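Working notes, beginning with the structure itself.
Values in this document were obtained by computation on a predicted structure and should not be read as measured data. Only heavy atoms go into these numbers, but all of them, side chains included; no hydrogens, no water, no symmetry mates.
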Amino acid sequence: MAGLKKKAQISVYLEPDTMDMLAHYAAQRDQSMSLIAQAAIASFLSPDSAERQEAALARRLGQIGRRLSRLERDLGISTEAFATFIRFWLATTPALPEPAARAARAKVSERYSAYTTALGRRLAKGPQLRQEIAEDVAGPEKDGGGRS
């Protein structure tokens with residue numbers, strides 16, 4: 001027992017908000033503030049702390065990369081869906097005769113306003129199209145009604 005060294009005591013000055021965070025963190029984990037501070041100092045001073053920080057940064061960059069890939073995929077789906085709709089609409093909608101075309105142009109502002117209002121409501125509360133597509137595709141498999 002003669003080889004055991006006694007822990008040394010130090011005094012540190014912490015900002016009030018840092019002290020509050022330390023106290024809260026220690027209380028959440030049911031540990032002493034001294035133990036949490038000791039672990040934090042040891043982590044900060046350890047030679048592999050730079051490697052751990054680099055690994056954490058690499059994980060975060062990986063997450064960001066995956067999110068960007070999903071966004072790129074979703075944008076591609078949206079673009080293709082819109083282009084397909086436009087092609088279909090142009091192929092199936094006949095041109096209006098001139099008197100009807102003038103009347104339609106007069107209604108454009110009113111109809112566009114109704115469209116933007118409906119779009120705003122949909123974006124605010126409704127499920128997103130990409131969620132509906134995934135549900136529609138996965139739906140038959142979940143119900144057991146899928147085709148072989």
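Note: Ile64 CD1 to Ser69 OG = 12.0 Å, rounded to the nearest 0.5 Å. For the atom pair OG1 (Thr79) and CG (Asp74), the distance works out to 10.5 Å, reported to the nearest 0.5 Å. To the nearest 0.5 Å, atoms CZ (Arg70) and CZ (Arg66) are separated by 7.5 Å. To the nearest 0.5 angstrom, Gln38 atom CD is 8.5 Å from Ser32 atom OG.
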Please output the side-chain donor-acceptor pairs of residues 114-121 that fall under 3.5 Å, not counting sequence neighbours, one pair per line with the distance.
{"residue": "Thr116", "atom": "OG1", "partner": "Tyr112", "partner atom": "O", "Å": "3.3"}
{"residue": "Thr116", "atom": "OG1", "partner": "Ser113", "partner atom": "O", "Å": "2.9"}
{"residue": "Thr117", "atom": "OG1", "partner": "Ser113", "partner atom": "O", "Å": "2.9"}

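Under the 6.0 Å distance and 45° angle rule, Arg29 counts as a cation-pi partner of Tyr25.
Of the charged side-chain nitrogens involved, at least one lies within less than 4.0 Å of a carboxylate oxygen, so that Arg105 and Glu98 count as a salt-bridged pair. The existence of a salt bridge linking Asp48 and Arg52 is confirmed by a sub-4.0 Å separation between a basic side-chain nitrogen and an acidic carboxylate oxygen.
Nearest heavy-atom pair across Leu35 and Gln31 is CD2-OE1, 2.8 Å. The two residues Met33 and Ala23 come nearest to each other via the heavy atoms SD-CA, 3.6 Å.
For residues 13-23, no residue pair satisfies the salt bridge (Lys or Arg N to Asp or Glu O under 4.0 Å) rule, not counting sequence neighbours.
Leu14 meets the side chain to side chain contact (heavy atoms under 4.5 Å, CB included) test with Val12, Thr18, Met19, Leu22; sequence neighbours excluded.
In this structure, Glu72 places its CD atom where only 12 or fewer heavy-atom neighbours from other residues, nucleotides or ligands lie under 6.0 Å away.
Neither Leu75 nor Leu68 shares a network with the other; the hydrophobic side chains, linked directly or stepwise wherever heavy atoms of I, L, V, M, F, W or Y lie under 4.5 Å apart, form separate groups for each.
Panel note: side chain Thr92, backbone Phe88; a donor-acceptor pair is recorded below 3.5 Å.
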